[in-house]
Structure formats: C-alpha cells, structure tokens
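As structure tokens, the structure follows; a few thoughts come after it.
Just so you know, ligand 1 is whichever comes first in the structure, and atom 1 is the first atom listed for that ligand. Here the structure is a predicted model, which is why all the values come from computation and not from measurement.
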Amino acid sequence: MDDFVYAETDPAELDQYREEVETWMNENMPRRDPVNPWHPTQDDDLRSSRNRELQRRLYDGGYAAVCYPKEYGGQSLTAAHQKIIDDVSMDFDMPVLFSIPTLSICGPVILEFGTEEQKQRYIPAWIRGDELWVQFISEPSGGSDMAGALTRADRDGDEFIINGSKIWSTFAQRSDYALMLARTNWEVPKHRGLTMFIVPIHHPGIEIHPIQMVDRTEEFCQEFFNDVAIPAENVVGKVNDGWTVASRLLFHERAAVGNASPYTQGRHRNRTADGVEDLAAIARVHGGADMGRHRQRLGYMETLSRVEELLSDRVVKGIEGGFLPAPAGSLVRLFHGLSRTERQTVAMEMQGDSALVWNQGESTGAFGLEYIQRQQACIGGGTTEMARNIISERILGMPREPAADRDLPFNQVPRSG
Ligand SMILES: Cc1cc2nc3c(=O)[nH]c(=O)nc-3n(C[C@H](O)[C@H](O)[C@H](O)COP(=O)(O)OP(=O)(O)OC[C@H]3O[C@@H](n4cnc5c(N)ncnc54)[C@H](O)[C@@H]3O)c2cc1C
C-alpha cells in the first residue's frame, strides 16, 4: 500500500460536499455542549455505548471513515473530504473513540497486511460502530523497546498458544479485538522473531485488569494471557515478520497522534492546532487585572497553533511528495506532544484557583483534569524522547544509538527477572 494518497479534488466539489456535511450534521448529530463537553471522566460504559451509537449514525449517513475503500464500508473519498467532516464536526459530539487506534492505526495495518478474509470480516464492523479495537503492544518490561516483547506465541498445529502480559492498553475492557505483537522465535535477533496477531479480547485465558488513574478513570488495562489459543488464521502478515507490520503500525500511530492521518474522524477542541478559542473564553471570564498577561499567553498559543498546523501540512505533503522520509511523522509527533502539554499548562495558569476546585458540570473542571493528565501527550504513541531519537538517527543522519542486543539471538540477551 502507498503511504496515504492525497488526491487532488475539485474545489467546487469540496464546497458542495461541505454544504452537504453541514446540513447532515445539523440534522443528525448531537451538538457539543460547550459548558459540559463530552469528557473522558464520564462513565466508561456510557462512553463506549455512546461512541458506538454515534459511529453507527455516521455510517448510516455515509460519513463514517470516508477514506476507506467502498468495498469495506467506506466511501473511497479523499483526505480533503475527511478534513471537511472534521472541520464541520468540531461543534458536534463525534465517536472519537473509534478514531485512535481502531480506524487510524489498526485499520491501515489490516488494509496493508491483512488477508482478504480479514479485511472483509473486520473493517466493515469498525465503520458500522460494531467493534472497537485496541493495541496490545506495550509490556510491563517497557513500551519504548517494542521489539523486546516478552509475550510468547508458540505454534501448536493450527493454533498459537499465547502466554505473557501486555499493559497500558487504552479502553481494552470495553473493546472487542486487539492487534498484538508476540514473540514466535527466540533463537534469532529480537526484530526477526516477532509476529502480529488479531486477538479477540474477551476470550478464554485472557484476564483484563483495569488500572485506575489519578483522575479515577480506568482508561488503561493490563492483560494477562494464560495458554490463550488463537487460530493461525489470525496472524497479520507473515509469521516472524511482525516487525515489518509493527513498523507500519508505528508509522500510522505517529500520523494519527500528529493529526496527519486521513483515517481519524472528528477532532478534540483541545488540540493545539485547533486554535485558542476556548483559552480566549477563559480570559473573558477570568481576565480582570490580568488581561494583558492573558493576551500574551493567547498570542503565544495562537503562534504554536499555527506552527503545528503548518508543520503537519508540510510533513504530510513532504512524505507524499518524497522530499521527506516516512519517519518525518516524528517531527509532528514531537511538536504535538510538547505544544499540547504547553497548552494545558497555559490554561491552568490563566484559570488559577478555579481550575483546582469546581462544581459538578462547570467547564472549568476539565482544565484541571487535563492538567494532571498533560504528560500523556508526550508518552502515548511513543514518547517524545523516542521521537527525538528517530529524528536524529533517521532524518538528520546522526549515528545510531548503541544497542547491545541488536544482533544477539533473543534467548541470549541478558535481562533482569
Ligand atoms: C495516553 C496513552 C495511551 C496509550 N495506549 C496504549 C495502547 O493502547 N496500547 C499499548 O500497547 N500501549 C499504550 N500506551 C503505552 C505507551 O505506548 C508507552 O507508555 C510508551 O511507549 C512508553 O513505554 P513505557 O511507558 O513502558 O516507558 P519505557 O519504555 O519504560 O520508558 C521510560 C522512559 O525512558 C525513556 N526511554 C526509553 N528508551 C529510551 C531510549 N532508547 N532513548 C531515550 N529515552 C528512552 C522513555 O522516553 C521514557 O521517558 C499508551 C500510553 C499513553 C500515555
């Protein structure tokens, strides 16, 4: 599969499409409540069922995952069409839970490496809102070194038997399937003995333990696999070639997290690239004597916002046009992580005490919660440190970081525990 195809589209056709989307959204999608926007702290069951229902509405209207091929339930449209949907949908509740990782990370991986049976079985189910996916990649021994996976999958006839543990899987307890990287050969260097699998999450032998976070939500889970039998037909790509699949998964993850994927649908208003409207609203409420300082902060954030948007655009076009290598997605990922963290810090500074204590239903509470979660933008989708490594080694051509385990058979790599 080519990296994303950004076909040229007739501007008049796009204007017409925008009008259609606006009309349809107004008639069919619930408007976002600006005072109490849909927020992750709301009940997890409700969040899952609500997202499934909204995804189904989009599908019924013909506006779900429009860049996917028609034969799998999409509309075979361009990234420009999806961008129109994203712009128009800013004021509406959208099924963003389906965006990352289901449609924008797992989806393109299955499109690229899946068998025809896998594509027909799974892709339409996401687009209709029937099935949510998650990634089982990170392990308790560390998520940055993906190729160091210790979870094992041993062949037994037509099945693989899985043992081990994955962690930090977003919303696994409410999801249906996972893409999982496991070790199938211990006698070759680490990158050469991995295989990617499709794993049904609620399956005999899989224990799911939700992890409570600082804001009391249970976004993450840890899973334990005890002799879990998975049919060999669930292998994605080739056995022992999971690193090829995982590398593409990382490419799509960087694009999704950096707002450069045509497969995400709907956007959160708190993305830096979406401007400073909500920060301006804080200034209007809490401005007072501090208004001059707030103006400076807004100007600073507006600058970051413009730069992020232009950077994202340039990187997408650069990869597409061949003047930037695929790892350039890490530039957007790094900038997004840092600017998002900065944005939440600025929101907190502007709001002062009222970001710390609020009444149920007041919008100010969202900023306090986002502040304590702000580092996630520098960790999820690969950390900003790893993004810096990729930029230095694979874009700037600096020497590779030394790795004692790169060429050793994996079963000879010294490790603790
Ligand atoms: C919001 C969010 C959602 C997530 N969703 C999922 C999910 O659905 N599925 C999933 O599998 N995982 C998920 N993760 C986990 C995420 O992928 C990992 O947290 C991340 O890859 C880092 O792994 P780690 O936490 O184990 O840190 P480690 O890999 O242990 O790293 C610890 C620290 O060391 C630094 N470090 C490590 N190696 C190097 C190096 N070579 N050079 C420089 N610095 C280095 C890291 O940057 C980090 O600061 C999610 C995380 C977040 C925050």
Side-chain angles (χ1 to χ4, degrees), residues 40-41 96-107 109 132-151 164-182 190-191 194 196-197 199 201 206 208-211 213-215 217-225 242 245-247 249-254 256-258 268 270-271 330 333-334 336-338 340-341 344 369-370 372-394 398-406 415-417:
T41 49
V96 286
L97 202 52
F98 277 84
S99 262
I100 302 179
T102 307
L103 289 166
S104 60
I105 303 176
C106 304
V109 167
L132 258 177
W133 280 39
V134 65
Q135 303 178 81
F136 285 170
I137 304 290
S138 303
E139 299 199 356
S141 54
S144 301
D145 181 21
M146 249 173 98
L150 296 174
T151 295
S165 177
K166 296 285 178 180
I167 193 166
W168 310 127
S169 16
T170 306
F171 226 52
Q173 76 280 41
R174 303 286 190 299
S175 300
D176 304 284
Y177 286 87
L179 269 184
M180 186 185 79
L181 193 62
K190 64 179 183 178
H191 292 92
L194 297 163
M196 192 71 84
F197 293 90
V199 174
I201 293 176
I206 304 184
I208 306 176
H209 292 216
I211 300 170
M213 300 205 294
V214 65
D215 66 356
T217 56
E218 292 183 340
E219 174 172 339
F220 295 120
C221 297
Q222 178 168 9
E223 301 78 26
F224 297 91
F225 306 93
V245 184
S247 303
L249 179 143
L250 287 177
F251 167 81
H252 290 294
E253 182 163 51
R254 285 193 290 265
V257 171
H268 292 287
N270 61 5
R271 297 185 76 104
S330 292
R333 189 273 165 275
L334 175 61
H336 175 70
L338 299 179
R340 173 96 182 256
T341 314
Q344 282 152 355
L369 287 170
E370 278 164 16
I372 54 177
Q373 297 169 350
R374 71 195 180 289
Q375 283 304 333
Q376 66 177 0
C378 290
I379 302 173
T383 65
T384 42
E385 288 84 5
M386 296 309 284
R388 287 180 205 275
N389 284 353
I390 295 169
I391 292 165
S392 59
E393 293 175 13
R394 297 175 60 196
M398 292 165 75
R400 279 189 86 169
E401 187 182 15
D405 60 355
R406 191 166 288 137
R415 71 180 67 87
S416 58

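Between the side chain of Thr102 and the main chain of Trp133, a donor-acceptor pair closer than 3.5 Å is present. Side chain of Arg333 to backbone of Ala387: no donor-acceptor contact under 3.5 angstrom is found. Ser165 contributes a side-chain N or O that, together with a main-chain N or O of Glu223, makes up a donor-acceptor pair within less than 3.5 Å. Judged by distance alone, with hydrogens and angles left aside, the side-chain atoms of Glu139 form a donor-acceptor pair with the main-chain N or O of Leu150 at under 3.5 Å.
One finds the NZ atom of Lys166 at 5.5 Å from the CG atom of Leu181 (value rounded to the nearest 0.5 Å). Of the inter-residue distances, the one linking Ile211 atom CD1 with Ile167 atom CD1 reads 4.0 Å to the nearest 0.5 angstrom. Rounded to the nearest 0.5 Å, atoms OG1 (Thr341) and NE2 (His336) are 8.5 Å apart. Between the OG atom in Ser330 and the CZ atom in Phe251 there is a gap of 10.5 Å [rounded to 0.5 Å].
Remark: Phe225 pairs with Phe136 by the ring pair (Phe, Tyr, Trp, His ring centres under 6.0 Å) rule, at least two apart or across chains. By the side chain to side chain contact (heavy atoms under 4.5 Å, CB included) test, Glu218 is found to be paired with Asp44, Gln173, Pro210, Gln212, residues two or more places apart in sequence or in another chain being considered.
Nearest to atom 1 (C) of ligand 1 among the protein's heavy atoms is Gln376 OE1, 3.5 Å. Among all non-hydrogen protein atoms, the one lying nearest atom 5 (N) of ligand 1 is Thr170 OG1, 2.8 Å. At the top of the distance list for atom 18 (C) of ligand 1, counting protein heavy atoms only, stands Ser138 OG, 3.8 Å. The protein atom (non-hydrogen) at minimum distance from atom 39 (C) of ligand 1 is Met386 SD, 3.4 Å. In terms of protein heavy-atom proximity, atom 28 (P) of ligand 1 is nearest to Ser144 OG, 3.7 Å. Residue, atom and distance of the protein heavy atom nearest to atom 6 (C) of ligand 1 are Trp168 O, 2.7 Å. Distance from atom 30 (O) of ligand 1 to its nearest protein heavy atom, with residue and atom name: Gly142 CA, 3.9 Å. Protein heavy atom in closest approach to atom 44 (N) of ligand 1: Glu385 CB, 3.6 Å.
Of the polar atoms of Asn389, at least one N or O is found under 3.5 Å from an N or O of ligand 1, judged by distance alone. Residue Glu219 has no nitrogen or oxygen atom sitting less than 3.5 Å from a nitrogen or oxygen atom of ligand 1, judged on distance alone. Between Ile137 and ligand 1, a contact under 3.5 Å exists for at least one N or O pair. At least one N/O-N/O distance between Gly143 and ligand 1 falls below 3.5 Å.
Taking every non-hydrogen atom of Glu401 and a distance limit under 4.0 Å, the qualifying atoms of ligand 1 come out as 40 (C), 41 (N), 42 (N). Applying the 4.0 Å criterion to heavy atoms of Gln135 picks out, from ligand 1, the atoms 7 (C), 8 (O), 9 (N), 10 (C), 11 (O). Counting the atoms of ligand 1 from 1 in the order shown, those under 4.0 Å from a heavy atom of Phe220 are 1 (C), 2 (C), 3 (C), 4 (C), 50 (C), 52 (C). For ligand 1, the atoms sitting less than 4.0 Å from at least one non-hydrogen atom of Ser169 are 7 (C), 8 (O), 9 (N), numbered in the order shown with element in parentheses. For ligand 1, the atoms lying closer than 4.0 Å to a non-hydrogen atom of Ile379 are 19 (O), 20 (C), 53 (C).
Considering Asp145, Thr383, Thr384 only, the shortest heavy-atom separation from atom 22 (C) of ligand 1 involves Thr383. Nearest-residue assignment for atom 53 (C) of ligand 1 (options Gly381, Ala387, Gly380; heavy-atom criterion): Gly380.
Salt-bridge formation is detected for the pair Asp145/Lys190: a Lys NZ or Arg NE/NH1/NH2 atom is positioned less than 4.0 Å from an Asp or Glu carboxylate oxygen.
For the pair Leu179 and Ile105, the minimum side-chain heavy-atom distance is 4.5 Å or more. Within the 4.5 Å cutoff, side-chain heavy atoms of Leu250 are placed close to those of Met146. You'll find the side chain of Val199 stays beyond 4.5 Å of the side chain of Tyr177, heavy atoms only.
Within a 4.0 Å radius of atom 3 (C) of ligand 1, the protein contributes at least one heavy atom. Of the protein's heavy atoms, at least one falls inside 4.0 Å of atom 46 (C) of ligand 1. The presence of a protein heavy atom under 4.0 Å from atom 34 (O) of ligand 1 is ruled out.
The shortest heavy-atom distance from Phe171 to ligand 1 is not under 4.0 Å.
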